[in-house]
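For clarity, every value in this text was computed on a predicted model and none was experimentally measured.
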Amino acid sequence: MQKSQNNRATSRPTSTAGKTKGGSFQKFPKTLFGFYWTILKSHRWYAITTAVTGVVLNVLGIVIYPFTMSKIYSVFDYSGPDFWDYVGGVMLLVGVLYLGIIPLRMLRDAYASRMRPRISQEIRTILYDRLFASDYRFFLDKNTGYIQNQVSNIYNRFHSLTTGIVVQVLGIIVGLSIIFEMMGRVNMYVALIICGYGFFTLVWHLLSMRRRARLSSAASKVHSKLQGTLSDSILNFTTVKIFASADQEQGHIAKDKDDHLRASWSADRFRMLSEQLLAFAQDVARLGLIFFCIYLFYKGEMGVGGFALALAAWNRFEMQFIRFGNILTGATTDYAEAKQAWGEIMVPQSIGDKPGAKPLAVKRGAIELRDISFRYNPKKWVISNLSLKIKPGEKIGIVGLSGAGKTTLSHLLLRLFDVQHGGIFVDGQNIKNVQQNSLRRQIAFVPQDMSLFNRTLRQNIGYARPGATDKEIERAAKLADVHDFIMSTEKGYDTVVGGRGLKLSGGQKQRIAIARAILKNVPILILDEATSALDSETEATIQKSFDVLMKGRTTIAIAHRLSTLRKMDRIVVMDKGTVAEQGTHAALLKKNGIYARLWKMQSGGFIQG
């Protein structure tokens with residue numbers, strides 16, 4: 001027996017999303033900034049502290065330089081007594097101002113470095129919880145890389161679009177207002193020249209924001225698509241290798257690369273043109289200011305200190321408006337990307353728990369399908385007016401040709417999709433009216449195509465029942481006839497299986513899935529081609545385990561290998577989305593209908609067609 005330190009299977013992490021104020025899925029914020037505001041409210045002291053200290057530091061950073069430059073250059077105009085005392089006072093003032101902000105900046109940075117990762121982690125948790133609550137169809141329509149990129153766009157932009165932009169903009173406005181007031185005391189015309197340049201810059205940025213946002217959003221969308229294509233290619237590297245299709249895959253990726261380059265170039269071209277126009281306006285305004293100050297100095301209307309203050313003020317105005325432009329550009333880009341990601345992830349959910357929905361209570365395990373109909377698209381019904389009653393503990397086999405609706409039926413029972421007509425009832429309870437998670441916790445499902453986590457064999461089996469002991473996990477593995485294989489691996493139950501279980505064969509993965517179902521130990525069991533990847537000898541061994549597993553449980557087994565269903569209490573034959581025949585194996589053969597024809601079509605136990 002493999003030993004573990006705590007002798008327990010790794011349990012699922014506890015979500016913190018519900019603890020965030022306003023963060024419940026039922027009342028999830030409708031807009032991106034509504035979501036950000038919810039996060040800020042739950043961390044109000046961080047937001048207030050960051051905003052206040054940030055604004056103060058930004059104002060000081062803007063004002064100190066021109067103020068100290070004017071004081072330093074005023075030394076050259078000083079003609080009073082005690083010259084060196086005056087110089088000493090100026091230098092002391094300069095030193096106190098520059099050195100005094102260092103402790104405040106250190107405290108601000110220390111607090112931010114402690115809180116920012118926590119908030120980012122909280123946002124990630126909430127978003128992934130929201131994703132896990134999304135409809136099954138959502139994940140069918142999007143690939144992994146695309147989804148991950150969208151989530152990153154939302155939480156990576158939180159700080160820049162909330163406290164970051166508020167601190168920067170408020171600091172610039174307050175700081176430049178103080179400088180304008182200082183400059184106005186020296187010469188109002190100089191102050192107006194500086195403000196005129198600032199006004200032109202601000203208007204230009206505001207007028208170009210919409211176009212910049214549109215271009216940034218387009219670039220972000222194609223970038224996410226490119227990331228998704230790359231991720232898809234990497235996840236399917238085995239297929240790429242087997243078909244020697246690396247060149248073909250590069251060609252597939254190249255199209256997305258070209259789209260990304262075109263979109264990025266459009267955004268960058270507009271940005272560069274904007275920067276060149278602003279740079280020209282900046283040079284003209286700077287030269288005009290210098291000549292005007294020289295003129296005032298020549299006429300005796302401005303001293304050396306005033307001239308230094310004007311140049312230092314211009315320097316700060318110039319830097320801050322460049323910075324302000326960068327902030328607007330960055331905020332526009334960040335907002336466009338985050339908003340686009342928000343729209344992609346926060347799609348309306350068609351399947352959700354009704355307000356006040358109660359957990360499913362399963363005492364007997366009776367299942368009833370009442371005249372259900374379902375379709376994936378408006379053109380074709382996959383399930384049509386199907387009715388079926390399954391008694392508690394009854395073992396039902398589902399057969400039919402491909403496309404008959406067998407796997408769809410299992411998905412409807414798990415409520416991965418909702419029926420458009422009729423209803424599905426478990427012990428008399430409509431599954432639409434109960435909590436989804438409570439329904440799925442009462443069903444053990446073994447699918448045809450099983451993918452595993454890139455974790456240990458122990459964790460993959462124990463995933464079915466958090467808190468299961470090593471002994472319980474190994475018992476389930478033995479019943480699934482996979483224990484001996486596990487013990488033959490390098491680290492036994494602590495062997496990591498690789499992404500999607502790529503280190504294991506199809507049969508080994510299915511036996512792990514069967515072990516999960518055994519460990520889960522719930523009243524309802526669904527087997528969707530659970531033995532399709534097993535050889536006949538292994539299937540015969542596992543069939544004994546299934547006999548134990550199915551005992552006393554309501555079982556629905558979907559299979560192409562009809563020989564596996566001979567011992568079922570009843571076999572249901574599906575054809576074109578409805579029940580065509582039902583009965584025992586022997587009765588259906590005597591009926592000489594669809595089932596009898598399928599039985600004759602078998603070769604080695606499989607349906608050929």
Side-chain angles (χ1 to χ4, degrees), residues 15-24 27-65 67 96-127 129-130 151-181 202 205 209 316 319-321 323-335 337-339 341-342:
S15 169
T16 60
K19 298 178 182 179
T20 300
K21 297 179 181 179
S24 64
K27 296 181 180 179
F28 209 88
K30 295 181 179 180
T31 64
L32 174 66
F33 277 117
F35 173 68
Y36 284 166
W37 179 246
T38 299
I39 300 297
L40 284 176
K41 284 196 298 183
S42 65
H43 297 279
R44 58 177 59 87
W45 283 112
Y46 164 77
I48 294 171
T49 303
T50 301
V52 171
T53 56
V55 169
V56 169
L57 284 169
N58 276 357
V59 170
L60 290 176
I62 294 170
V63 172
I64 285 176
Y65 177 73
F67 177 74
V96 169
L97 289 174
Y98 274 107
L99 296 177
I101 65 173
I102 294 177
L104 182 60
R105 186 181 293 121
M106 291 176 64
L107 289 172
R108 188 271 315 269
D109 292 346
Y111 184 55
S113 65
R114 180 171 175 267
M115 292 300 299
R116 283 194 172 199
R118 293 186 180 186
I119 296 174
S120 295
Q121 182 60 41
E122 181 178 319
I123 294 173
R124 267 195 298 265
T125 301
I126 294 173
L127 291 176
D129 277 353
R130 178 64 168 77
V151 171
S152 298
N153 280 342
I154 294 174
Y155 71 74
N156 282 337
R157 272 68 179 176
F158 170 75
H159 296 289
S160 63
L161 290 175
T162 53
T163 55
I165 192 170
V166 170
V167 166
Q168 300 290 347
V169 172
L170 281 180
I172 289 172
I173 292 173
V174 174
L176 295 186
S177 298
I178 294 173
I179 290 179
F180 179 77
E181 194 276 334
L202 177 61
H205 281 302
M209 278 181 67
R316 276 297 180 260
M319 288 178 59
Q320 294 309 313
F321 273 107
R323 184 181 171 198
F324 186 67
N326 291 335
I327 290 171
L328 284 180
T329 300
T332 302
T333 301
D334 287 350
Y335 175 67
E337 293 179 353
K339 184 181 179 182
W342 180 265

Can you tell me how far CD1 of Ile119 sits from CG of Leu40, rounded to the nearest 0.5 angstrom?
7.5 Å
Could you check whether any side-chain heavy atom of Tyr111 comes within less than 4.5 Å of a side-chain heavy atom of Thr53, counting everything from C-beta outward?
no
Non-neighbouring partners of Arg116 that pass side chain to side chain contact (heavy atoms under 4.5 Å, CB included), sequence neighbours left out
Tyr46, Ala112, His159
Would you say the side chains of Arg124 and Gln121 form a donor-acceptor pair under 3.5 Å?
yes
Do the non-hydrogen side-chain atoms of Tyr155 and Thr125 ever get within less than 4.5 Å of each other?
no
Say you draw a straight line from CH2 of Trp342 to OH of Tyr36; how long is it, rounded to the nearest 0.5 Å?
8.5 Å
Evaluate ring pair (Phe, Tyr, Trp, His ring centres under 6.0 Å) for Phe35 paired with Phe158, printing each intermediate quantity in order.
CA-CA 10 Å; Phe35 173 68; Phe158 170 75; 7.9 Å; no
Is there a side-chain contact between His43 and Glu122 (heavy atoms, below 4.5 Å)?
yes
For the residue pair Asn153 and Ala338, what are the closest heavy atoms and their distance?
O-CB, 3.9 Å
Tell me every residue that passes side chain to side chain contact (heavy atoms under 4.5 Å, CB included) with Thr31, counting only those two or more places apart in sequence or in another chain.
none
Ile39 side chain reached by Ile126 side chain, heavy atoms, under 4.5 Å:
yes
So, taking the atom named CG in Leu57 and the one named CZ in Arg105, what distance separates them when rounded to the nearest 0.5 Å?
6.0 Å
Has the side chain of Arg118 got a donor or acceptor atom that lies under 3.5 Å from a matching backbone atom of Met115?
no
Is there any salt bridge (Lys or Arg N to Asp or Glu O under 4.0 Å) pair reaching into residues 152-161, and which pairs are they, with sequence neighbours excluded?
Arg157-Asp334, Arg157-Glu337
